[in-house]
Asks: 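Quick one: the structure is below, questions incoming.
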Amino acid sequence: EALTFPPKGKLSTPPNVNGEEPGCSVWNDIYYAAPLVNPCWDVYQVATTCPLLWDVLGFPGSFDYLPAGSEVYFNRTDVQKAINAPIKPWNECTSRVFATGGDQSPPSGLSVLPRVIEKNKKTIIGHALLDFILLSEGTEIMIQNMTWNGAQGFSCRLDNDFFIPYHGENDLGSLGGAGNFGRWHEERGLTFVTVELSGHMVPQYAPTAAYRQLEYLLGRISSLSEVSDFTTQTGDYGNGFNFTTTNVTMSMSEKF
């Protein structure tokens with residue numbers, strides 16, 4: 001019912017939303033059970049397997065890891081001085097962002113996000129499908145419960161292929177995939193797009209997908225389904241190749 005298109009009305013608050021009911025924390029059960037099978041399981045990218053990869057920020061997955069003899073880049077005194085940062089220990093994540101009681105603000109989908117969409121010409125919510133920190137179905141339910149630009153939610157499910165151009169960027173430090181890479185839908189200034197083969201940090205795991213979304217946000221392409229080259233590249237990478245027409249032509253030529 002939560003993923004009804006169009007929505008039938010506002011959704012009620014689900015039970016155990018704060019995780020206080022004993023025996024009902026399925027997310028936590030999975031989080032603690034998965035590493036028993038795969039010690040290198042990554043809550044940000046669930047397809048990750050061993051060995052642990054080194055990360056210059058010291059946080060390659062679900063927990064901190066620093067190989068012997070290495071150091072966290074932003075913990076270097078020369079780096080902190082160069083960027084005018086305080087000379088002190090640095091961590092990628094911290095639980096002490098809010099002074100007391102955690103974040104007390106209302107959910108963004110029920111407060112600030114609708115106003116952001118209404119003030120902008122185009123707003124994109126992108127969601128990686130290999131992410132376990134945030135679940136794509138949860139984001140989609142949030143959208144269906146949100147009202148913006150005079151209506152609630154989307155009128156239909158994600159109904160378009162998200163296409164990433166084939167390209168000539170082969171630098172081993174920035175490899176990225178191509179082809180149909182997810183699904184997307186747009187209504188009333190909001191675009192929701194899913195990204196396959198990607199974990200939580202889409203620019204890290206699927207840089208070409210992140211770049212294509214940026215091109216769409218800036219108005220350089222007409223839609224996320226557009227089959228064309230990246231607007232910053234020139235060359236023949238096969239993005240204009242029509243498989244349907246070619247297959248029909250080949251079939252007809254075989255008959256004669």
Side-chain angles (χ1 to χ4, degrees), residues 41-49 53-62 73-74 83 92-93 108-109 112-113 116-117 119-143 146 154 157-235 237-240:
W41 182 78
D42 184 356
V43 70
Y44 295 98
Q45 210 276 34
V46 296
T48 300
T49 57
L53 301 179
W54 176 58
D55 174 26
V56 70
L57 301 182
F59 194 77
S62 299
Y73 182 74
F74 287 117
I83 62 176
E92 183 172 355
C93 294
S108 59
V112 66
L113 186 55
V116 171
I117 298 168
K119 297 280 185 185
N120 284 335
K121 293 181 179 180
K122 187 181 296 181
T123 301
I124 299 175
I125 298 177
H127 207 300
L129 294 183
L130 294 181
D131 186 10
F132 194 68
I133 282 285
L134 300 176
L135 305 181
S136 61
E137 292 85 356
T139 300
E140 203 166 357
I141 290 172
M142 179 279 296
I143 292 173
M146 179 172 65
F154 284 151
R157 288 184 175 274
L158 306 183
D159 53 357
N160 304 289
D161 288 327
F162 173 31
F163 180 79
I164 298 176
Y166 295 93
H167 51 87
E169 179 55 64
N170 295 315
D171 186 291
L172 297 182
S174 58
L175 292 174
N180 289 334
F181 235 77
R183 305 283 287 173
W184 70 280
H185 183 73
E186 188 277 332
E187 286 186 31
R188 306 188 309 281
L190 172 64
T191 300
F192 179 56
V193 54
T194 61
V195 183
E196 297 176 358
L197 302 179
S198 176
H200 185 78
M201 297 75 79
V202 175
Q204 172 184 336
Y205 291 108
T208 45
Y211 189 59
R212 196 59 163 176
Q213 291 178 53
L214 179 60
E215 288 191 310
Y216 179 58
L217 181 67
L218 296 177
R220 294 181 177 180
I221 56 175
S222 60
S223 82
L224 289 174
S225 294
E226 180 176 310
V227 179
S228 63
D229 295 337
F230 284 117
T231 59
T232 51
Q233 286 191 321
T234 57
Y237 303 109
N239 294 304

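Not measured: the values here are computed from a predicted model.
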Asks: If we only count heavy atoms from C-beta on, is the I125 to L113 side-chain gap below 4.5 Å?
Replies: yes

Asks: Show the nearest heavy-atom pair for residues A210 and P203, with the distance to one decimal.
Replies: CB-CA, 3.8 Å

Asks: Going from CZ on F132 to CG on D42, what distance comes out if it is rounded to the nearest 0.5 angstrom?
Replies: 12.0 Å

Asks: Any side-chain heavy atom of F74 within less than 4.5 Å of one from V56?
Replies: no

Asks: Not counting sequence neighbours, list each pair that qualifies as a salt bridge (Lys or Arg N to Asp or Glu O under 4.0 Å) and has a residue in residues 194-222.
Replies: R212-E215

Asks: For A209 versus V202, what's the shortest heavy-atom pair and its separation?
Replies: CB-CG1, 4.4 Å

Asks: With heavy-atom distances below 4.5 Å as the criterion, would you say the side chains of T234 and D229 are in contact?
Replies: no

Asks: Using the rule side-chain contact (heavy atoms from CB on, under 4.5 Å), only one of L135, L129, I133 pairs with D131; which is it?
Replies: I133

Asks: CG/L197 to OH/Y205 distance, rounded to the nearest 0.5 angstrom?
Replies: 13.0 Å

Asks: How about D161 and R183: do any of their side-chain heavy atoms sit closer than 4.5 Å?
Replies: yes

Asks: Mind checking the CD-CD1 spacing from Q213 to I221? Nearest 0.5 Å is all I need.
Replies: 9.5 Å

Asks: With distance as the sole test, does S62 use its side chain to make a donor-acceptor pair with the main-chain N or O of W41 at under 3.5 Å?
Replies: yes

Asks: Is there a donor-acceptor pair closer than 3.5 Å between any side-chain N or O of T208 and the backbone N or O of G177?
Replies: yes

Asks: Check H185 against R157 and note the closest heavy-atom contact, atom names and distance.
Replies: ND1-O, 3.9 Å

Asks: With rounding to the nearest 0.5 Å, note down the distance linking CG in N180 to CG in N160.
Replies: 11.0 Å

Asks: Report the distance from atom CD of Q204 to atom CG of D55, rounding to the nearest 0.5 Å.
Replies: 7.0 Å

Asks: I need the S223 OG to F162 CZ distance, nearest 0.5 Å.
Replies: 10.5 Å

Asks: Can you tell if the side chain of E169 reaches within under 4.5 Å of the side chain of Q233, non-hydrogen atoms only?
Replies: yes

Asks: Is any side-chain heavy atom of E186 less than 4.5 Å from a side-chain heavy atom of Y216?
Replies: yes

Asks: Any idea which heavy atoms bring A128 and S198 closest together, and the distance?
Replies: CB-O, 3.1 Å

Asks: Any idea which heavy atoms bring L134 and H127 closest together, and the distance?
Replies: O-CE1, 3.0 Å

Asks: Please report the closest heavy-atom contact between G176 and H167, naming both atoms and the distance.
Replies: O-NE2, 3.0 Å

Asks: For the residue pair F192 and F154, is the inter-centroid distance of their aromatic rings smaller than 6.0 Å?
Replies: no

Asks: Does any donor atom in the side chain of W184 or S225 lie under 3.5 Å from an acceptor atom in the other side chain?
Replies: yes

